[in-house]
Amino acid sequence: MRLKGRDLIDLVDYTPEEILFIIESGLEFKRRFYTGERVINALPGRVIALLFEKPSTRTRVSFEVAARQLGASSIYLSWGELQLARGESLADTARTLSRYVDGIVARVKEHWKLIELAKYATIPVINGLSDLSHPVQALGDMMSILEKKGRLRGVKLAFIGDGSDNVLNSLLVSGSKLGLHITVASPRQLRPDENILKHALETAKDTGAIIEFTEDPYEAVRGADIVYTDVWVSMGQEALREEKVKLLKPYQVNSKLMSVAGSRALFMHCLPAKRGEEVTDDVIDGPQSIVWDQAENRLHIQKAILALLIP
Ligand code: CP
Ligand code: NVA
C-alpha cells in the first residue's frame, strides 16, 4: 500500500484499510525495536520540522525520537520564534519550509491553520493536534487496543467526560472505520464536532461499528473493554474552566466507576492527566491502567506514520 507524499490532517481522509495498515506497521516497528533493531534506516538523511503553537511533551518527544530511530533528524520550531509571529503568512511559511525539510508535524490552536499549511506545502503535513482532532493519538490508541485485546472489531470503548474533546473526535473517526463499539458518556451540552460525528455515523453503517451517547457514565462503562477519558479543560479553553469543571464533575473516572466496568476493562488516557479531576490516582496508577504503554506506542505508531508518508 503506497501512502508516500500524503498529508495526515484527519483520519476522515483515510480508508479503514489504510488505517489498519498504519497500525500493523506500528506494531511491527515495536516488535523490531524490542528484538534489538533500535534504528531502522527507512528515512536516511530526511529532516522533519515540528511546528508547534501549543505545548507538548509526548507528541514532540515521540516524533523527534521516531525521526532519529528512522535515520532521519528533526527540528523543533516554536511558533512564536518564527516570522509567523511577526505576520508572515502560513502560506509563505509552508512554501519556505518545503524547500528545507521533508515533512511538517504541526500542532495548532485552530484547525484551519493545518489546512492552510497543507495547501501550500509541497511536503506532507501531519496533524500533531488541533482544537478539532488528534489523529496520531487515535492511531496510537487503536494500536494499543489491538495489542492488548487482540482485536479491534467489536471492542467496547466507553469514553467518559468531555464529549466535545479533540481526541474523542479522532477516536470516533478511527473507531467507526475499524468497527469498534463506542459509547460516549457526557453532558448533553458537550457533543463532538457535527461534521466529524456525521462522518463517523455514516461510516459505522458500512463497517458495523456502533456509536452511542448517554449522560450516565455508569451505563456507559458496563461491559466495557476500555474506559477512556481526557482532561476536562483542553489547551486553549482556560476561560471555560469553571463552567466545564462544574458540568463534568459527575464524570470522574474513579474506583467506583471502574468497579462497575469490571476487571477486564482497561483504563486509557491520552495524557497529560489532571489527577483528581477527570481521573483519580488509584485508577491511573492502578492495575487496569495502560497509560504508559499507550504513551510509548505513540513512538512506534509515529515511526510507521513517518516511514509510510515521508517521501
Ligand atoms: N497526548 C499528547 O499529545 O500529549 P502532549 O500534549 O504531551 O503531546
Ligand atoms: N484534549 C487535550 C489533549 C491533549 C493531548 C487538549 O487539547 O489539551
Side-chain angles (χ1 to χ4, degrees), residues 8-11 26 48-67 74 76-79 104-114 126-145 157 159-174 184-187 190-193 196 226 228-241 243-245 247-248 251-253 267-275 277-279 284 289-303 305-306:
L8 175 45
I9 304 297
D10 259 319
L11 292 170
I48 310 301
L50 274 77
L51 176 55
F52 278 38
E53 199 183 10
K54 301 200 250 193
S56 167
T57 298
R58 279 143 290 269
T59 307
R60 175 185 178 172
V61 178
S62 56
F63 264 113
E64 296 213 47
V65 173
S74 59
Y76 182 78
L77 303 169
S78 169
W79 201 274
I104 301 172
V105 178
R107 170 167 286 198
V108 297
K109 290 184 180 165
E110 293 102 10
H111 191 77
W112 65 264
K113 292 173 179 164
L114 288 169
I126 297 168
N127 178 354
L129 180 144
S130 73
D131 54 340
L132 183 69
S133 58
H134 198 0
V136 295
Q137 177 73 51
L139 286 170
D141 293 343
M142 292 296 151
M143 170 178 158
S144 299
I145 294 169
L157 184 152
F159 183 95
I160 311 299
D162 182 0
S164 67
D165 188 66
N166 47 1
V167 173
L168 172 61
N169 282 332
S170 292
L171 290 172
L172 288 171
V173 174
S174 50
V184 180
S186 74
L190 298 172
R191 280 294 154 110
D193 175 80
I196 288 196
I226 306 288
Y228 198 120
T229 192
D230 188 9
V231 287
W232 290 345
V233 184
S234 284
M235 289 181 274
Q237 299 185 333
E238 291 71 21
L240 302 174
R241 163 160 277 282
E243 184 189 329
K244 288 191 85 178
V245 168
L247 267 175
L248 287 161
Y251 294 87
Q252 183 184 69
V253 179
F267 173 73
M268 295 179 74
H269 190 311
C270 59
L271 305 176
K274 185 106 170 133
R275 289 166 177 257
E277 274 190 12
E278 76 277 5
V279 62
I284 195 168
S289 171
I290 60 161
V291 297
W292 310 116
D293 290 335
Q294 184 187 356
E296 177 187 335
N297 284 340
R298 296 288 306 280
L299 169 64
H300 304 295
I301 198 74
Q302 286 161 197
K303 278 185 278 183
I305 293 166
L306 292 175

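Read the numbers this way: they start at 1 and go in the same order the structure lists the ligands and their atoms. Values reported hereafter were calculated over all heavy atoms of this structure, with side chains retained and with hydrogens, waters and symmetry mates removed. Because the structure is a prediction, the values reported are computed rather than measured.
With ligand atoms numbered from 1 in the order given, ligand 1 contributes 1 (N) to contacts under 4.0 Å with heavy atoms of C270. Here is the list of ligand 1 atoms found below 4.0 Å of a heavy atom in L271: 1 (N), 2 (C), 4 (O). Near H134, the atoms of ligand 1 lying under 4.0 angstrom from a non-hydrogen atom of the residue are 2 (C), 3 (O). Each of the following atoms of ligand 1 lies closer than 4.0 Å to a heavy atom of T57: 5 (P), 7 (O), 8 (O). Those atoms of ligand 1 that come under 4.0 Å of a heavy atom in R107, given as number and element, are 3 (O), 5 (P), 6 (O), 8 (O).
Within the 4.0 Å heavy-atom criterion, neither part of V167 lies near ligand 1. When non-hydrogen atoms are compared, ligand 2 lies under 4.0 Å from the backbone of L271 (N, CA, C, O) but not from its side chain. With a 4.0 Å heavy-atom cut-off, ligand 2 is reached by no atom of D131.
The heavy-atom pair separating M143 from G26 by the smallest distance is CE-O, 3.6 Å.
Ligand 2 has no nitrogen or oxygen under 3.5 angstrom from a nitrogen or oxygen of V233. Remark: ligand 2 and D230 share an N or O pair separated by less than 3.5 Å (distance only, no angle test). For ligand 2, the polar-atom distance check against K54 finds no nitrogen or oxygen pair separated by under 3.5 Å. At under 3.5 Å, a nitrogen or oxygen of D165, whether backbone or side chain, sits near a nitrogen or oxygen of ligand 2.
Among all non-hydrogen protein atoms, the one lying nearest atom 4 (O) of ligand 1 is R58 NE, 2.9 Å.
Under a 4.0 angstrom heavy-atom cut-off, T59 registers as lying outside contact with ligand 2.
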